[in-house]
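Okay, so here's the structure we're looking at.
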Amino acid sequence: MNYTSRANNYPLYIRSVPTQNELKFHYTVHTSLDVVEEKISAVGKSLGDQRELYLGLLYPTEDYKVYGYVTNSKVKFVIVVDSSNTSLRDNEIRSMFRKLHNSFTDVMCNPFHNPGDQIQSKAFDGIVSGMMVQTG
Amino acid sequence: MADEASFQFLHNEVVQYVYKSAENGESENGRNITKLENMGFRVGQGLIERLTKDTIRFKDELDIMKFICKDFWTCVFKKQIDNLRTNHQGIYVLQDNKFRLLGQLSAGKQYLDQAPKYLTFTCGLVRGALTNLGVKSIVTAEVSTMPACKFQVMIQKV
């Protein structure tokens, strides 16, 4: 399980459990960015409420499922979950992204944080840890 | 409204402070404008993050400018921009006929030469907001008769 937020396509924050295989997660997240870009730029062509922030399941590999979310300020959140974890429903993923976004907004408003720097806020760490523990 | 007044007073004090501290130090005049603009820039970045948290994604540049004129301006100044003009080639002019931060200064031409100092923070605010929405720009302001003023936004094509 892995969370990351990226601005201008470099990572601001990456966290995973278990902590080995982190490099593989870096790679997965980086390649999923292409899918995110594709989804954002396809606004005019697809049907439905494509102007939502939640992007849904980006693509499934045999081991993982990757979900994406993009904010209006062009920051992308990516969650990678084990395929074996089938108990996670769409609603839960959506609410996880909402919590992440709320927490990220708080980080941005912190005067000690410069936009574009790595995220070092303990509060943000806490929210992420809470979510990871909850979903295993 | 009580909450509006506190921001106005604080803003005026900030402008006075920046200029007074320049008198004691060695910085030239241009640096004060830059300091104020940078303050506005950082505030704009954080503010736009909060404001766009629940809105759907923007369609294009014009959509973004309309958002600035309506929701953003309402949030900061409790009113909307009165007039938005564009040449559809990256230049937008936002006109506010009763700019809140100038309202207390004068009702005409008095203190006109001091007005630009009080507009730079807002210029930075708009620039910061646009930057975080992915739009690089240069924002300038002009005023001919207070309290009306115009903000000119020039989009930089990268």
Exercise for the section: In plain terms, say whether Lys66(B) and Asp71(B) are close enough for a salt bridge, that is, a side-chain N and a carboxylate O under 4.0 Å apart. Expected result: no

Exercise for the section: Measure distances from Asn110(A) to the heavy atoms of chain B and classify the residue's part below 4.5 Å as side chain, backbone, both or neither. Expected result: backbone

Problem - Region of Ile48(B) that comes under 4.5 Å of a non-hydrogen atom in chain A - result: neither

Practice task
Would you mind checking which part of Arg50(B) comes under 4.5 Å of any heavy atom in chain A, side chain (CB onward), backbone (N, CA, C, O), both or neither?
Solution key: both

Practice task
Answer yes if the side chains of Gln45(B) and Asn132(B) hold a donor-acceptor pair under 3.5 Å, and no otherwise.
Solution key: yes

Practice task
Check whether the side chains of His11(B) and Tyr118(B) place a donor and an acceptor atom closer than 3.5 Å, and report yes or no.
Solution key: no

Practice task
Give a yes or no on whether a salt bridge exists between Asp96(B) and Lys150(B), defined as a side-chain N under 4.0 angstrom from a carboxylate O.
Solution key: no

